[in-house]
Amino acid sequence: MTEQKIPPVVLVDGSSYLFRAYHALPPLTTSKNHPTGAIKGVISMLRRLEQDFPGSKVVVAFDAKGKTFRHDMYEEYKANRPPMPEDLAMQIAPIHDIVRAMGLPLLIVPEVEADDVIGTLAHEATSKGIDVVISTGDKDMAQLVSDHVILNNTMTDTTMDRDGVVEKFGVTPEQIIDYLALVGDKVDNIPGVNKCGPKTAVKWLGTYQDLDNLIEHADEIKGKIGDYLREAIKTLPLSRELATIKTDVDLEFGLEDLGLPRQDDSQLIELFREYEFRTWVAELEKGESSEEQSSTSENASEPVERSYSIITDQSELDDWIERLKSSDLFAFDTETTSLRYMDAEVVGVSFAIHPGEAAYVPLAHDYMGAPEQLDRDHVLGQLKPLLEDPALAKVGQNLKYDKNVLANHGIHLEGIAEDTMLESYVLNSVLTRHDMDSLARQYLGEDTISFESIAGKGAKQLTFNQIELEKAGPYAAEDADITLRLHQTLSPMLEKTGKLANVYREIDLPLVPVLSRMEQRGTLINASTLKQHSQELAERMAELEKEAHDVAGEPFNLGSPKQLQAIFYEKMGLPVIKKTPKGAPSTAEPVLQELAHEHELPRLILEHRSLSKLKSTYTDTLPGLINHRTGRIHTSYHQAVTATGRLSSSEPNLQNIPIRTEQGRRIRQAFIAPEGFKLVAADYSQIELRIMAHLSGDKGLLTAFEKGEDIHKATAAEVFGVPVEDVSGDQRRSAKAINFGLIYGMSAFGLSRQLDVERKVAQEYIDRYFERYPGVLRYMDNIRKQAHEDGFVETLFGRRLYLPEINARNKQLQQAAERTAINAPMQGTAADIIKRAMIDVENWLLTEHADTARMTMQVHDELILEVRESALVDIRDGLVRRMSSAADLDVPLLVEAGVGDNWDQAH
DNA sequence: CGCAAATCGTA
DNA sequence: GTACGATTTGCGT
């Protein structure tokens with residue numbers, strides 16, 4: 001790997017700029033008379049910094065309100081400061097808001113000043129070998145300057161390194177504290193030595209080096225000034241202490257905890273509008289349509305010179321293969337005939353070892369007039385030993401896909417050392433897109449060739465084998481090149497935060513081959529029972545439709561919410577119970593449930609809808625997804641989709657197969673085991689509540705789980721104040737809703753709606769709950785607070801979830817973010833746990849039971865295996881044991897397992 | 001053909 | 001009240 005120069009971290013002393021901007025700039029106001037001069041000064045300064053230090057982490061510190069530890073040392077500290085003018089005070093909150101919207105970490109630590117926060121972070125950075133730029137208007141900070149720390153004053157556009165300090169003050173950075181102690185400070189009310197100014201202080205320190213030595217030789221100083229010095233000896237240690245910027249504040253966070261900058265453009269535009277910074281609004285609005293413009297200028301380092309080759313010559317390929325073999329890491333990508341991995345065939349492969357240099361080896365382009373290419377099977381045969389070598393490290397973008405495709409050619413990809421999609425996902429799961437084009441734009445500031453631009457779009461889109469080599473070559477080679485360069489950018493970002501690197505390396509990366517094998521295995525379904533089921537559903541639906549038309553007095557489309565609205569609310573005049581987000585009267589399930597009391601039509605619609613859903617989504621569709629080669633269905637598990645760390649599944653989505661109704665369960669019954677096998681389904685029991693118990697450390701909850709109590713019953717007993725044995729079914733039901741509500745970050749409003757009780761009653765339940773489980777309350781409060789301070793929350797294993805809207809001024813958005821903040825650590829930790837279990841279980845089965853058992857599905861808290869009948873008990877027990885021990889919590893992880901001929905039975 | 005909205009299936 | 005994906009309709013291109 002190439003050595004990377006880490007950009008310096010920029011620590012901004014916001015408070016010092018605040019005062020200077022206020023005094024230096026004309027008193028601007030908005031049309032509504034809100035003062036904005038200081039806002040404008042501070043923010044334009046920050047924008048300059050972002051430009052001047054591209055790629056740097058920029059952190060902004062402000063003084064907190066109120067007293068500091070220096071007041072404890074010396075109650076006269078800053079006693080001469082006039083109170084802050086009101087029109088300055090009014091500008092502080094807006095500045096904080098804008099800084100947050102700019103995505104910059106904003107540090108306001110109670111009882112210490114911004115200087116001390118900066119001193120501490122600077123110390124941390126340099127101890128890790130990271131250079132520091134302190135941006136401040138305050139000369140006192142000169143004491144922090146060193147070989148790795150420089151000062152920058154953006155307002156005067158000056159920087160000061162070690163030599164600069166000597167030049168400016170006449171003393172070294174190490175002597176600055178003593179210098180300040182001697183000179184004193186009128187405004188801060190630091191006593192110093194009477195009549196001692198800069199000149200005298202420099203002279204003394206030049207002679208005696210430091211304050212202690214000067215004090216020892218105080219009687220050598222002659223004249224009046226000598227008397228003043230001797231008078232001051234008593235207070236000089238205090239002066240020195242007051243002047244010393246702390247570098248060891250207990251911050252409870254470190255540099256690496258201060259998230260990635262994530263500018264919220266829309267928020268920022270709103271704020272700039274509010275304070276009438278029209279140029280900035282225009283700039284952002286222009287930038288938003290082509291976001292890469294701004295990020296290019298911010299992120300792009302030197303443009304990388306590119307040299308891409310298309311290889312159709314055997315000896316050239318041989319050269320590349322030799323180079324690949326001796327590389328430490330190479331980027332690798334396949335081009336294929338289809339995005340569906342089960343059907344896809346390799347069309348070509350590309351490689352890169354060094355940034356900017358990549359090769360594409362076309363193998364199966366078959367358009368009219370395509371140049372002669374190397375023989376696919378021969379080349380793949382040559383590459384097979386490299387691709388299957390676990391010791392030969394590869395990096396790719398979503399290598400699970402490449403691994404699956406290669407398997408179609410009998411190649412079993414090993415040595416998946418890095419995956420840029422997963423690196424990006426672990427760094428920031430909230431970014432919705434982790435495709436290569438987006439990542440290149442975001443992290444490299446590069447615009448990549450889009451697939452559409454070479455293949456066209458829509459029905460006429462070409463497959464890769466139909467694309468001319470002149471177009472395919474640069475596109476494919478770029479994929480490998482960009483992948484390599486992305487890794488070189490993302491990897492250091494990930495490693496900077498140890499915990500995130502761990503999540504990536506210990507959880508998400510090793511899961512890749514596990515998921516790949518599950519996908520390729522697929523699962524067996526009984527198509528004929530599903531088709532039979534479809535038939536029956538169709539018949540029943542026809543009956544319902546006819547009845548509905550009769551009742552309504554006209555034919556209409558039962559599946560059209562719009563037509564339903566017309567019938568219900570316009571024609572029949574039924575009451576509008578709820579509206580859709582867009583304002584139309586809703587015909588959603590709970591609403592119809594309610595309307596069913598008034599009229600018989602809603603009931604017909606409800607039944608029709610639920611049947612139509614089952615039919616169109618499952619019974620009609622699943623048989624068509626059976627792969628002709630394997631006779632099974634093969635889902636795709638997506639590893640970089642959800643914000644919380646869960647997997648998602650598509651084509652088909654196996655994670656929403658019905659279970660709640662009898663009709664639904666018939667669909668599960670079509671998921672079967674092959675001849676001689678049974679299905680084993682094992683699921684974690686109440687895993688999220690157990691995680692809540694662990695994370696909160698609440699005694700009562702921990703004990704309940706420890707004792708193996710029915711947790712909903714136990715909750716009911718506490719909340720309703722009755723003995724466990726007297727808990728009624730209704731009480732247990734309520735308690736269950738409370739428990740779920742807790743996991744979802746509930747409000748009294750939400751709970752009242754769920755339980756159909758008054759909001760006040762729901763609030764009483766919640767209060768009673770928190771009274772009985774105070775640890776949970778503390779935990780909820782803490783997590784909210786943490787989210788507001790850090791802008792992210794994390795799972796037990798350190799996976800992060802950023803909450804860009806946690807400090808939004810729109811309260812709705814903010815509250816939604818708070819609920820996410822509460823839910824994400826629990827949902828995410830559960831996801832981490834089952835992923836760990838999957839890695840463990842797969843490796844166990846592969847090495848010890850390859851012919852008897854295989855994992856085929858995952859549904860968030862459940863794993864499904866096909867197990868040979870002869871080994872059922874062993875495998876089931878081993879599975880339960882491994883799942884239970886996937887994490888070491890303060891509560892037992894209970895796993896329940898069932899066995900059956902189909903998925904429904906196994907439950 | 002592509003997209004948003006509404007709806008509903010799961011954990 | 002959390003987290004997803006698939007389907008259909010209806011509208012605009």
Side-chain angles (χ1 to χ4, degrees), chain A residues 429-430 432 456-461 556-565 578-592 605-606 608-622 625 635-638 641-661 663-665 667-668 683-689 692 737-755 762 766 780 793 801 803 812 815-828 830-831 834 857-862 903:
Chain A
S429 64
V430 178
T432 36
K457 58 176 183 166
K460 290 177 307 218
Q461 188 171 65
F556 65 98
N557 182 345
L558 275 72
S560 164
K562 201 166 178 181
Q563 293 182 31
L564 274 183
Q565 281 157 20
K578 184 172 166 276
K579 293 197 169 174
T580 68
K582 232 192 113 213
S586 168
T587 62
E589 196 259 359
V591 175
L592 296 195
I605 303 291
L606 277 173
H608 182 271
R609 249 194 208 165
S610 87
L611 299 187
S612 132
K613 183 86 180 179
L614 294 181
K615 181 168 182 291
S616 65
T617 313
Y618 306 105
T619 60
D620 283 353
T621 320
L622 288 175
L625 292 172
T635 188
S636 291
Y637 289 107
H638 307 285
V641 169
T642 72
T644 53
R646 273 189 177 179
L647 299 177
S648 81
S649 152
S650 71
E651 277 187 295
N653 179 357
L654 288 184
Q655 297 178 322
N656 71 344
I657 303 296
I659 191 168
R660 286 176 200 177
T661 64
Q663 290 294 322
R665 275 195 297 277
I667 294 165
R668 287 207 171 207
D683 68 293
Y684 286 105
S685 164
Q686 279 128 11
I687 187 166
E688 292 182 5
L689 272 181
M692 186 172 87
I738 293 172
N739 281 331
F740 273 101
L742 287 162
I743 293 169
Y744 296 153
M746 73 175 162
S747 61
F749 175 76
L751 183 65
S752 69
R753 217 152 48 87
Q754 178 72 29
L755 290 178
I766 294 173
M780 300 277 171
V793 291
L801 188 138
L803 301 157
Q812 287 249 313
Q815 281 167 1
E818 286 181 354
R819 291 193 293 271
T820 304
I822 285 176
N823 174 260
M826 297 186 258
Q827 189 183 121
I834 197 166
M857 294 190 280
Q858 188 254 40
V859 188
H860 304 313
D861 65 358
E862 175 184 14
W903 193 4

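Per chain, numbering begins at 1; letters A, B, ... match sequence-line order. Atoms considered below: every heavy atom in the structure, side chains included; atoms not considered: hydrogens, waters and symmetry mates. Keep in mind that what you see is a predicted model, and the values were worked out from it rather than measured.
Note: CD1 (A/I667) to P (C/dT7) measures 13 Å, nearest angstrom. The distance between atom CD of A/Q815 and atom P of C/dT2, rounded to the nearest whole Å, is 11 Å. Atom CD in A/E651 sits about 16 Å away from atom C1' in C/dC4, given to the nearest Å. Protein atom CG of A/L654 is 18 Å distant from nucleotide atom P of C/dC4, rounded to whole Å. In this structure, the CG atom of A/D620 is 13 Å from the C1' atom of C/dA6, given to the nearest Å. Rounded to an integer number of Å, the gap from A/M826 CE to C/dG1 P is 17 Å. Computed from coordinates, the A/L689 CG to C/dT2 P distance equals 17 Å when rounded to whole Å. Rounded to whole Å, atom P of C/dT7 lies 17 Å from atom CG of A/L611.
In this structure, A/Q563 contributes its side chain and A/L558 its backbone to no donor-acceptor pair below 3.5 Å. A donor-acceptor pair is defined here as one N or O able to donate and one able to accept, closer than 3.5 Å; no such pair exists between the side chain of A/Y684 and the backbone of A/I834. Not a single donor-acceptor pair under 3.5 Å links the side chain of A/T580 to the backbone N or O of A/S586. In terms of modelled atom types and a separation under 3.5 Å, the side chain of A/R819 and the main chain of A/M746 share no donor-acceptor contact. No donor-acceptor pair closer than 3.5 Å links the side chain of A/E688 to the backbone N or O of A/M826. Within the 3.5 Å criterion, the main-chain N or O of A/K615 finds no donor-acceptor partner in the side chain of A/S612. In this structure a side-chain-to-backbone donor-acceptor pair under 3.5 Å is missing from A/E651 to A/T635. Side-chain N or O atoms of A/S650 include none that pairs as donor or acceptor with a backbone N or O of A/N653 at under 3.5 Å.
Note on A/R819: only backbone sugar-phosphate atoms sit closer than 4.0 angstrom, heavy atoms only; bases stay farther off. Among the atoms of the strands shown, none is found under 4.0 Å from any heavy atom of A/S612. Heavy atoms of A/E862 sit nowhere under 4.0 angstrom from any nucleic acid atom. Looking at heavy-atom distances under 4.0 Å, A/I743 makes no contact with the nucleic acid at all. At a threshold of 4.0 angstrom between heavy atoms, the contacts of A/I822 with the nucleic acid are absent. Within the nucleic acid shown, A/A584 has no heavy atom closer than 4.0 Å to any nucleic acid atom. Heavy atoms of A/D683 sit nowhere under 4.0 angstrom from any nucleic acid atom. Heavy atoms of A/A816 sit nowhere under 4.0 angstrom from any nucleic acid atom. At the heavy-atom level, A/K613 lies under 4.0 Å from base atoms of the strands shown. Note on A/F740: nothing from the nucleic acid sits closer than 4.0 angstrom, heavy atoms only. Within 4.0 Å (heavy atoms only), A/A821 reaches no atom of the nucleic acid at all. Within 4.0 Å (heavy atoms only), A/Q754 reaches at least one base atom of the nucleic acid.
Closest approach to the A/T644 side chain among C/dA3, C/dT2, C/dT7 is made by C/dA3 (side chain taken as heavy atoms from C-beta onward). Out of C/dA6, C/dG10, C/dT2, the shortest distance to the side chain of A/Q827 is found at C/dT2. Considering only side-chain atoms of A/S560, the nucleotide from C/dC4, C/dG1, C/dT9 that sits closest is C/dT9. The side chain of A/S648 sits closest to C/dC4 out of C/dC4, C/dG1, C/dT7.
Note that the first and last nucleotides of DNA chain B, 5' to 3', having any atom under 4.0 angstrom from a heavy atom of chain A are B/dC1 to B/dA11.
A sub-4.0 Å separation between OP1 or OP2 of C/dA6 and a side-chain N or O of A/Q655 is absent. Side-chain N/O atoms of A/N653 include none lying less than 4.0 angstrom from OP1 or OP2 on C/dC4.
Surrounding CZ of A/F556 are more than 12 heavy atoms belonging to other residues, nucleotides or ligands, all under 6.0 Å away.
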